[in-house]
Number of protein chains: 2
Amino acid sequence: MSVGIRHDDLRRRNRAMVIAAVRHAGQPSRTEIAATTSLSHSTISAISSDLIVEGILTESKPSEAGSLKRGRPQVGLSLNPEAAAVMTVVLSLNFLSVAVIDYAGQVISEEQRRLDTLTMARESLIGECTAIVRRRLDDPDLDVRSIARIALAIQGITDTRSRAMLWSPITPHTDIAFADILEDAFGIPATMENDCNMMAVALRWRDPQRYRDDFIAILLSHGIGMGLVLKGELFTGTHSSGGEFGHMIHRPNGALCRCGRRGCVEAYAGNYAIWRNARQLGEDAEPVADVSDADMRALATAARERDGPEREAYRKAGEALGYGLGSLFALIDPAPVAMVGVSAAAFDLIEPALREAIVQTAGGQHSKSISFDTEPNELPLIREGCAMRALTFVDQEIFAPGAQARSGPGGKNVA
Amino acid sequence: MSVGIRHDDLRRRNRAMVIAAVRHAGQPSRTEIAATTSLSHSTISAISSDLIVEGILTESKPSEAGSLKRGRPQVGLSLNPEAAAVMTVVLSLNFLSVAVIDYAGQVISEEQRRLDTLTMARESLIGECTAIVRRRLDDPDLDVRSIARIALAIQGITDTRSRAMLWSPITPHTDIAFADILEDAFGIPATMENDCNMMAVALRWRDPQRYRDDFIAILLSHGIGMGLVLKGELFTGTHSSGGEFGHMIHRPNGALCRCGRRGCVEAYAGNYAIWRNARQLGEDAEPVADVSDADMRALATAARERDGPEREAYRKAGEALGYGLGSLFALIDPAPVAMVGVSAAAFDLIEPALREAIVQTAGGQHSKSISFDTEPNELPLIREGCAMRALTFVDQEIFAPGAQARSGPGGKNVA
DNA sequence: CTCTATTTTTTCGAGCCTCGAAAAAATACT
DNA sequence: AGTATTTTTTCGAGGCTCGAAAAAATAGAG
């Protein structure tokens, strides 16, 4: 049962709204904020004056150089970089990276590290994560107290409450409650996010025009992942991070998937599957642990040069992705798609079969209007998404506390 | 960009909250409402006093007979049946039914009619619908002015804005803007809803324990439809009613579907598909227009009696549904399922193959914990859902106007 | 250089809304 | 009849947003 709105929630919500408006617009004037929020000038004036006194916003005097308008010039409001800071931790296959970001979104410091995630012991993996965070926190240039939030992204399935990794392809270990581990170790609120969801969040910030209320981000990498935004909110499963597009069934009893089952989309479109088909190893061949980006690029080059097993492998990948997308479109209707990851660079090889497959499905009627974008490098996206995730948490939960906690089903998820 | 909250929205939202609390609880006292909404007694007292003066609520004196408690007895609040009325129109294959329902949810009058929807001209179909509504409105016992809303449900795809039928299996005609047609004809606000969505809405009202925040209603009838509730809200596509579970792809290039494509789940699990397989007509056989309920029951009886093509047909249906559900669960995680429609009565024949298939999918890990309920008769559910849909519209848009209009993404969809 | 038009921002009183505390109301128990 | 208990209403306090008016800050005209 939804809960009533109390009088004091009003100010909190509108505070959050003003902060969000500044984060979105960059340097809006009070008048612009009043327009986007449709609150009165008086209210915006009162709230922003509070926020400036509290050190959350700052006035940045002469906003535009070419302001030839008459009248009192607008005063730009911007986020005070020193209001807080957040930390992002991205854990992917054999790679760990961490960054400290100020409240305005600028990277203050970072560190990256190679490690052998597939063979590491559970404790070592956790240890590496806490150690790299600790090193950043020990940085003498950094005011530790300003770190308001840690967001950790991992490839794999996380739970809905953003506390734990349930399963991941980068390690044999399962059910690691990273968020609680970091919170206990450093006393800083932490969340654990799914990598593809963070890609979607980042895309929305990068290009709000194209990636507005409904879109799909698909990771074409060793595995196949998806981040989904529907009606302006990040879509998650009921228990887990959800959106396991790669494990929708393409062909019942089909090719062997890394997850142990058969016929998943990933078993045709993941790097290992493309590799397996290109080498003509057969659909029952055990998936290899990893294929280097260089090897995948070589495969793509070979496929472009001649009509051989490599080209056929990409065709099969396209077919699986196309039928998968078709089924997805049957459920949610067609939406713009971003293809991210190494194999997105080979999307020219994938697209023909993909489109051909989509035409055979319920989404087919709009096949031509479905547009694909490609972005070969997923790591920067994941980092950005994590950063925005952590920063909007600070916006909402720390600088406008209580505003969302009491709200009903309408807690904004992404923005 | 989300919009700020104004001061006067407060009262509107809390009014809506109180009305919703009464509709859910039946005869709650002011104190109970204060508890569920977590608003103060003073506020509830003020709001309910307003609502009583306006004739929306009534006090129903001695609520429980066995109230042996000390102290001032609670006064039950209930919806005033005369506050308004709504009309539901359900259009299904060869059948049209309409009902008038008072504000408290009781059916006041109804009418049903057989007609040949598959062969009717576009104008006749529309004409029959407006005529049956007009006959009800002309009923001398009825105060026409009290009709505040019409909700029309149809089997098929409707648009997100609840204005038009885009495509339906019950008629060859497409893109009929029923909502606008009824509004223009009678000057009463109308919406056009998808039948399976209304089933889901009704299930939630019937059994809020089981069908709470996340569940799936699947219609096993001539076609296969789905109504999906996720995180407490009815799920719809970005443009259409969405959730076209029946047209997810089960086998690329597989059996011929009624929609003209190949390999859809429906092409294995719809009545016509079960019929086709039981008669061993081959997967390319043109789907028959209709199979009577009696024929389907005979098929099920035959399948239970001996291991022949009938049993195999149900097995194939179960397999298709199982893989489809598996793919769905990969996206949204497992949730309780209600099987509705004629073939739900044959669920004993479907379930084994269905569960076997689910085990092969990403949802398989929780296979045993997934529970299925069956309900062979879909029409009463659709009617109930429509009624609740229309009534909650009146609650929100007429008796607490403006409350939702200004809200951000958090407009409650079902409750 | 002064004055005016224009635009942005702040100030101030009015009107609501919710809340807590206390009062009033209505019953069961002694 | 009096007391304890529970529900509901009343009333003043405090907060919030709004509109109107004032103040502030600039460009252009003369």
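The structure presented is a predicted model; accordingly, all values stated were derived computationally and were not measured. Just the heavy atoms: all of them, side chains too, but no hydrogens, waters or symmetry mates, feed the values below. Every chain is numbered from 1, with letters handed out A, B, ... down the list of sequences.
- Between B/R70 atom CZ and C/dT30 atom P the separation is 6 Å, expressed in whole Å.
- Each of D/dT17, C/dC12, C/dC19 was ranked by its minimum atom distance to the side chain of A/L10; first place goes to D/dT17.
- Computed from coordinates, the B/L57 CG to D/dT8 P distance equals 13 Å when rounded to whole Å.
- Here the P atom of nucleotide C/dT8 and the CG atom of A/L77 are 14 Å apart, to the nearest Å.
- For the OP1/OP2 pair of C/dC16 and a distance below 4.0 Å, the side-chain nitrogens and oxygens of B/R11 include no atom meeting the criterion.
- Of the candidate nucleotides D/dT10, D/dG19, C/dT10, D/dT10 has the atom lying nearest to any side-chain atom of B/S42.
- Each of A/S45 and B/N14 has a nearest nucleotide on DNA chain C; the 5'-most of these lies closest to A/S45.
- Counting only distance, with no hydrogens or angles, the side chain of A/S48 and the backbone of A/I44 share a donor-acceptor pair below 3.5 Å.
- Remark: A/R12 is not positioned above the aromatic ring of A/F399, lacking an NZ or CZ atom under 6.0 angstrom from the ring centre and at most 45 degrees off the axis.
- Between B/I5 atom CD1 and C/dC17 atom P the separation is 15 Å, expressed in whole Å.
- Which of C/dT18, C/dT9, D/dT8 sits closest to the side chain of A/V75 comes down to C/dT9.
- Taking 4.0 angstrom as the limit, A/R6 places none of its side-chain polar atoms (N or O) nearer than this to OP1 or OP2 of D/dG15.
- Here C/dC17 is the nucleotide among C/dC17, C/dC19, D/dT17 with the atom lying nearest to any side-chain atom of A/H7.
- Distance CZ (A/R72) to C1' (C/dT4): 18 Å, rounded to an integer number of Å.
- Using modelled atom types, one side-chain atom of A/D207 and one backbone atom of A/R210 make a donor-acceptor pair closer than 3.5 Å.
- By the 4.5 Å heavy-atom criterion applied to side chains, A/I332 and A/F235 are not counted as neighbours.
- Following rounding to the nearest Å, A/R12 (CZ) and C/dT18 (P) show an atom-to-atom distance of 16 Å.
- Atom CG of B/D8 is separated from atom P of D/dT17 by 12 Å (rounded to the nearest Å).
- Listed pair A/R30 / C/dT10 meets the phosphate criterion, a side-chain N or O lying under 4.0 Å from OP1 or OP2.
- For B/Q74, the listed nucleotide lying nearest its side chain is D/dT8; candidates were C/dC12, D/dT8, C/dC29.
- A donor-acceptor contact closer than 3.5 angstrom links the side chains of A/S40 and A/T43.
- Map B/T43 and B/G71 each onto its nearest nucleotide of DNA chain C; the residue landing nearer the 5' end is B/T43.
- Here D/dT7 is the nucleotide among C/dA5, D/dT7, C/dG20 with the atom lying nearest to any side-chain atom of B/T31.
- As a whole-Å value, the separation of B/I47 CD1 from C/dC16 C1' is 13 Å.
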